[in-house]
Enquirer: 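Submitted below is the structure of interest, expressed as structure tokens.
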Amino acid sequence: MSDLDELYREVLLNHYRSPRNAGHVDGATHAADGANPLCGDEVHLELALDADGRIADIAFSGHGCSISQASSSLMTEHVKGRDAGAAFASVADFQRMMVEGNPPPDADFGDLEALAGVAKFPVRVKCASLAWKTLEQALRDGRLAHAAVTTDERSQ
Ligand code: ZN
């Protein structure tokens, strides 16, 4: 195993053992559930868009394999504070990385690059992609009925 592989492995284990943004969001405006039956991964995602369409807060819960949990943690860390349009672009960049095995050059992925190697294992791609597909669903169709915040539809 190369030094880089070892480093990536440690990033993923760290996020699996100490997930960032685990739990729930007070005053969530959007939510979605995702499942990957092939592996048994399940994720519930909640987020709060502010009046500018920015993801002010995001949290996930659920259970699954280390790849799905680490990806959920890394995803929430990456998109928190970004606007919905940028989050959609990140989802597209992530899916591209799952096909090409490398992060798009302008993606600014940081620790998310630790998941690039998953592209070599098609079965695990579904594990890594689950949180991202759920994010897309939450932003697109997951608006909660009680949510009072008005979002900028142009960014979606
Ligand atoms: Zn899995």
Side-chain angles (χ1 to χ4, degrees), residues 1-26 28-49 54-144 156:
M1 187 184 289
S2 73
D3 288 349
L4 192 61
D5 285 343
E6 184 61 30
L7 177 73
Y8 283 170
R9 202 180 161 82
E10 279 173 21
V11 168
L12 297 180
L13 272 177
N14 180 284
H15 276 267
Y16 175 55
R17 288 176 179 153
S18 309
R20 320 304 196 265
N21 305 306
H24 298 275
V25 171
D26 283 335
T29 60
H30 293 68
D33 291 295
N36 171 25
L38 278 178
C39 183
D41 308 315
E42 290 179 11
V43 62
H44 173 72
L45 195 64
E46 297 176 3
L47 57 95
L49 283 192
R54 203 176 55 97
I55 298 173
D57 202 2
I58 182 166
F60 76 97
S61 53
H63 59 88
C65 67
S66 57
I67 299 274
S68 72
Q69 295 290 294
S71 186
S72 298
S73 174
L74 283 157
M75 180 279 286
T76 57
E77 195 175 61
H78 184 73
V79 303
K80 193 171 181 175
R82 294 176 192 249
D83 68 34
F88 279 123
S90 293
V91 172
D93 283 342
F94 188 84
Q95 298 295 44
R96 202 174 136 195
M97 183 169 82
M98 288 297 101
V99 172
E100 297 178 356
N102 291 298
D106 54 351
D108 182 27
F109 265 1
D111 279 351
L112 270 172
E113 293 184 14
L115 286 164
V118 173
K120 281 179 274 186
F121 308 97
V123 173
R124 308 318 296 276
V125 165
K126 290 185 189 298
C127 303
S129 299
L130 176 63
W132 299 82
K133 289 185 172 158
T134 308
L135 170 66
E136 199 168 38
Q137 193 194 327
L139 288 170
R140 200 162 268 157
D141 306 313
R143 190 174 171 79
L144 299 171
Q156 300 182 26

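Computation of the quantities below employed the complete heavy-atom set of this structure, encompassing side-chain atoms and omitting hydrogens, waters and symmetry-equivalent molecules. Atoms within each ligand, like the ligands themselves, are counted from 1 in listed order. Keep in mind that this is a model prediction, so the values were computed, not measured.
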Enquirer: Tell me, which protein N/O/S atoms are under 2.8 Å away from the Zn ion (ligand 1)?
Expert: Cys39 SG, Asp41 OD1, Asp41 OD2, Cys65 SG, Cys127 SG
Enquirer: Mark yes or no for whether Ser73, through its side chain, and Arg20, through its backbone, hold a donor-acceptor pair below 3.5 Å.
Expert: yes
Enquirer: To the nearest 0.5 Å, what is the distance between CG (Asp111) and CG (Leu7)?
Expert: 8.0 Å
Enquirer: Which atom pair, heavy atoms only, marks the closest approach of Gly34 to Leu130?
Expert: C-CD1, 3.6 Å
Enquirer: Return the OG to CG distance between Ser72 and Asp41, rounded to the nearest 0.5 Å.
Expert: 8.5 Å
Enquirer: Can you tell me which residue pairs pass the ring pair (Phe, Tyr, Trp, His ring centres under 6.0 Å) test with a partner in residues 3-25, sequence neighbours excluded?
Expert: none
Enquirer: Between the side chains of His44 and Glu42, does any donor sit under 3.5 Å from an acceptor?
Expert: no
